[in-house]
Every structure is written in C-alpha cells, then in structure tokens.
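The structure appears below as structure tokens.
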Protein chains: 2
Amino acid sequence: MDKKEIQEQRMRGYFIEAAKEIIRGEGFKAISVRNIAERAGYSYTTLYNYFKDIKDLIFVCVKDFQDECAQFIADQVKKDLTGMAAIKSKTIAFSNYFIQYPGIFELFYVEKISDLNSQQSTTKLIYSFLDRICEEDWNDCIEKKLVTKEEAEDYGAQLQFFITGLLLFYLNRRQPSDYKEFTTLRDKQIGNILKLRS
Amino acid sequence: MDKKEIQEQRMRGYFIEAAKEIIRGEGFKAISVRNIAERAGYSYTTLYNYFKDIKDLIFVCVKDFQDECAQFIADQVKKDLTGMAAIKSKTIAFSNYFIQYPGIFELFYVEKISDLNSQQSTTKLIYSFLDRICEEDWNDCIEKKLVTKEEAEDYGAQLQFFITGLLLFYLNRRQPSDYKEFTTLRDKQIGNILKLRS
DNA sequence: TATTTATATTAACATTGTTCACTACATTTG
DNA sequence: CAAATGTAGTGAACAATGTTAATATAAATA
C-alpha cells in the first residue's frame with residue numbers, strides 16, 4: 001500500500017514535469033494530453049490513470065510554479081532591502097518571472113481554469129500572491145509610520161492590478177511594443193504608486 | 001459588380017451579427033464556426049466564402065464592439081460632467097460595459113488573437129481605447145492647470161492598467177468574489193489614482 | 001437555350017480531450 | 001507451484017474543433 005503510493009506519486013511526477021517543461025518552453029498553447037504523455041514517455045491514455053483530467057494536472061503545475069516564482073523573486077531581490085524599496089524590487093522581480101515564462105502568466109491569470117477550480121482555493125492563492133510576497137515589507141512600512149494600514153492595503157491592491165494589467169497588455173498584445181518601453185513604464189509607475197522619488 | 005458587393009456585404013453581415021450575438025449571450029468560449037453558421041442560417045463552410053478564417057470574422061466583431069462600447073459609455077455618463085469627474089465616470093462606465101458583456105472583455109484583452117492581428121492595428125486601438133474616450137477631459141484638466149501633461153499621461157496609463165487588471169481578476173477569476181466588493185474597490189481606487197477626495 | 005461562372009453544401013482531414021475495452025503483467029490466494 | 005484476481009498501460013474510437021477540396025446547384029451570360 002505504501003509502495004503503491006510511492007510509485008503513483010512518481011508516475012504523477014513524470015507527467016507533471018513534462019507538462020511544466022512544455023509550459024516553460026513552448027508556452028501554454030502547446031499543452032495537450034498527447035504532447036505531455038509523449039514527453040513523459042507514456043501513452044496519452046495512461047495519463048488518465050493518474051489524473052482525473054488535464055485540468056487536474058495543470059492545477060498541480062500552478063502550485064509548483066507559485067513556489068518557483070517565490071524562489072525566483074527571493075533570488076533576484078537584494079537581501080538588504082526593506083520597506084518600499086523592497087516592495088518595488090519584488091514587484092519588478094515578480095514581473096520579470098512572467099517575462100521569462102509568458103506561458104506561466106497565461107496559466108496564472110489568463111487561462112480560464114475556473115471550471116476546474118471549484119473550491120477557488122488556487123484562485124485565491126494567485127490573487128493574494130504578490131501581497132503575500134510583500135507582506136513583511138508592508139508591515140515594516142506600517143511600523144515605521146510611513147503609511148497607515150489602510151494606505152498599505154490600497155497601494156498593495158493598486159500595485160497588483162497595475163502590474164497584472166501591464167503584463168497582460170505586454171505579453172498578450174505586445175503593447176508597449178518593445179521591452180525597454182515596458183520596463184521604463186513599469187518602473188516609473190511603480191514609483192508613482194508607492195510615491196517614491198527616484 | 002456593384003450588386004455583388006452589396007450581396008457579399010450582406011452575407012458577411014449575417015455571420016458577423018450571429019457571431020456578435022453569441023459573444024454577447026453565451027460568451028467567447030461558445031464561439032465556433034459551426035455555431036456561428038447555424039445561427040446565421042448557413043452551412044459552416046459557407047462562412048469561408050466570406051471570411052479568410054474565423055479570426056478574420058472575430059476581428060470585425062472587435063471593431064464593432066469598440067463602437068458599441070463607446071456609445072454605451074456616452075449613454076451612461078452624465079453629459080454635464082467635465083475633467084476628473086468625467087474621467088472617473090467614464091472609467092466606471094467602461095468597466096460596466098465589460099461586466100455586462102464578459103465575452104467582449106475576453107475578446108478585447110484575454111484572447112490570443114495576436115496571430116491574426118499581423119499589423120497590430122486593432123491591438124493599438126484597444127490599447128489606446130480608454131485614453132481616447134477620456135482625451136478631451138484630460139486636455140480640459142491640463143488647460144485648467146489641474147495636472148501637467150506628464151501627470152495626465154501617468155494617471156491615464158495607471159487608470160487603464162488598473163481597471164484592466166481588476167476586470168481580469170473579477171471576470172476571469174471571480175476575485176473579488178462579489179459584485180459589491182468589486183465596485184467598492186474599483187470606485188475607491190479610481191479616486192486614489194485621480195487623487196480625488198470623495 | 002446552353003454554357004459558363006459563382007456559390008452553397010457535402011464530405012473529409014487533422015487536431016483536440018476523453019472513454020472503453022483489452023492485454024500483459026504482478027500479486028495474492030488456494 | 002498453479003490459479004485467480006487485480007492493476008497498469010495501451011490502441012481504437014468518439015465527439016467537437018478549424019479548415020480544405022470536391023461537388024452540386026443556382027445565377028449570369030452568350
């Protein structure tokens with residue numbers, strides 16, 4: 001019974017890894033049951049022995065990518081930053097992750113996975129993701145009386161909707177039309193939202 | 001030769017109308033060649049005599065819906081409003097349109113039509129849409145020295161990315177999870193961006 | 001009227017997700 | 001050890017998608 005469990009988890013892992021590779025490399029549009037299974041080295045029907053359906057599999061990828069993204073941000077942000085500077089840097093790193101893996105942005109924010117996600121737990125995780133990443137820094141700002149609790153919430157929400165909206169345009173519609181313009185706009189507006197003077 | 005033109009345009013119109021009805025009613029996910037053709041009263045392959053492919057048809061819908069949306073906003077916003085108040089009201093009306101027709105939001109901002117849209121002309125139209133709607137009001141604000149030209153651009157961009165991001169979460173992920181919460185957050189944050197005191 | 005042109009449709013193909021029935025193998029049981 | 005049971009992996013098949021080629025029918029022209 002324990003062996004079964006291990007083997008089953010291993011098999012699931014093969015499919016999950018394959019799916020993640022495809023999303024990272026070829027993007028979300030390239031995902032298909034047959035595609036995943038081929039890369040995993042199994043027939044496409046075998047996948048259904050380990051996942052209810054393809055959404056079930058994708059669902060797991062979302063969770064994995066969230067951890068990966070958090071790690072990516074931690075690696076990219078200078079450790080000694082605190083407060084607003086840390087929040088800005090983390091938001092930039094957050095966007096960089098999706099610039100590097102546009103397929104994961106699609107998966108997180110664009111793709112209609114509402115059907116699969118009946119309990120909405122993952123949706124909430126994504127919704128609060130940037131806030132969780134920046135939570136301690138906001139608390140730091142509040143303690144130092146740089147902002148009130150309410151302001152912190154407002155700024156946080158604004159930051160999230162702004163960066164998501166901007167990424168949506170840039171990744172999905174190529175507007176702004178080049179990368180430099182994108183970063184300039186991004187950095188400037190993050191500064192505006194956080195009321196930072198550069 | 002002229003008759004041909006009229007007839008051809010009429011035929012195109014049948015398919016376009018059918019497609020728009022489906023998008024408005026059942027949402028973008030319900031769109032399919034067979035679905036459109038059935039509603040138009042023709043066989044599905046007939047569609048290909050009038051449109052290069054389904055993207056070509058959808059493309060026309062985008063343009064139509066843009067006009068419709070502009071009209072919707074004009075109808076909903078009080079005529080006597082000017083400046084910041086007009087901008088806020090128009091942005092709210094803008095979001096209301098997509099709340100009413102979520103399928104059109106998908107079409108405008110979510111769906112990957114980048115392939116079809118080789119010249120990117122439509123993309124740019126969408127990108128600058130809210131700005132065009134509010135253009136005169138911004139100019140009004142600048143003339144009255146309420147904001148500088150640069151501030152107007154910043155606020156405008158922020159407004160657009162914010163409202164798009166918020167709609168993306170609300171329509172695509174049901175976050176915030178109820179409508180009242182959505183409007184409260186929306187109205188408050190629009191005020192913040194425009195630095196209005198309520 | 002007969003021929004040509006245009007147009008609507010039927011048939012077909014490729015690609016998607018998913019289900020079903022079968023085979024081969026492993027595990028348990030007598 | 002042999003027989004029964006169960007399980008894991010697979011190919012065939014189905015329905016729905018977009019798209020194309022060939023065909024039949026309607027319209028226009030000679």
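So that the names make sense, note that chain A is the first sequence line, chain B the second, and so on, each numbered from 1.
Residue contacts shown for B:I31 are limited to sugar-phosphate atoms, with no base heavy atom under 4.0 Å away. A:Y48 comes within contact range of at least one nucleobase, with a heavy-atom separation under 4.0 Å. Within 4.0 Å of B:S43, counting heavy atoms only, lies at least one base atom of the nucleic acid. Backbone-only engagement by B:Y42 is indicated by non-hydrogen atom pairs under 4.0 Å involving sugar-phosphate atoms exclusively. The residue A:I36 sits apart from the nucleic acid: no heavy atom pair falls under 4.0 Å.
Rounded to a whole Å, the CG atom of B:L47 is 11 Å from the C1' atom of D:dG18. Rounded to whole angstrom, the span from the CD atom of A:E8 across to the C1' atom of C:dA26 amounts to 16 Å. We find that CD of B:Q9 is positioned 16 Å from C1' of C:dT7, with the value rounded to whole Å. Protein atom CD of B:E38 is 16 Å distant from nucleotide atom C1' of C:dT10, rounded to whole Å. One interatomic measurement links the two molecules: NZ of B:K52 to C1' of D:dT20, which rounds to 14 Å at whole-angstrom precision. When rounded to the nearest whole Å, the span between CD1 of B:I54 and P of D:dT19 equals 7 Å. Taking atom OH of residue A:Y44 and atom C1' of nucleotide D:dT10, one finds them 8 Å apart after rounding to whole Å. The CD atom of B:Q7 sits 7 Å away from the P atom of D:dA28 (whole-angstrom rounding).
Within 6.0 Å of NZ on B:K79 lie more than 12 heavy atoms contributed by other residues, nucleotides or ligands.
Between D:dT19, C:dT16, D:dA8, one nucleotide has an atom nearer to the side chain of B:R34 than all others, and that is D:dT19. Comparing C:dG17, D:dA13, D:dT10 against the side chain of A:V33 picks out C:dG17 as the nearest. Of the candidate nucleotides C:dT18, C:dT19, D:dG9, C:dT18 has the atom nearest to the side chain of A:D53. Among the nucleotides C:dG17, C:dT9, D:dG9, the one closest to the side chain of A:N49 is D:dG9. Closest to the side chain of B:Y50, from the set D:dT10, C:dT7, C:dT10, is C:dT7. Minimum atom distance to the side chain of A:S32 is reached by C:dT16, of the listed C:dT16, D:dT10, D:dA13.
Interface remark: the B:T45 side chain does form a donor-acceptor pair with the C:dT10 base, using a distance-only criterion of under 3.5 Å.
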Problem - Audit row: B:M11, B:E8, side-chain contact (heavy atoms from CB on, under 4.5 Å) steps and yes/no - result: CA-CA 5 Å; B:M11 285 293 288; B:E8 190 171 324; 5.7 Å; no
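Checked by atom type and distance alone, the side chain of A:T46 never pairs as donor or acceptor with a backbone atom of A:Y42 at under 3.5 Å. At distances below 3.5 Å, not a single donor-acceptor pair connects side-chain atoms of B:K90 with backbone N or O atoms of B:Q76.
Applying the ring pair (Phe, Tyr, Trp, His ring centres under 6.0 Å) test to B:Y97 and every residue at least two apart in sequence or in another chain returns B:F72, B:Y101.
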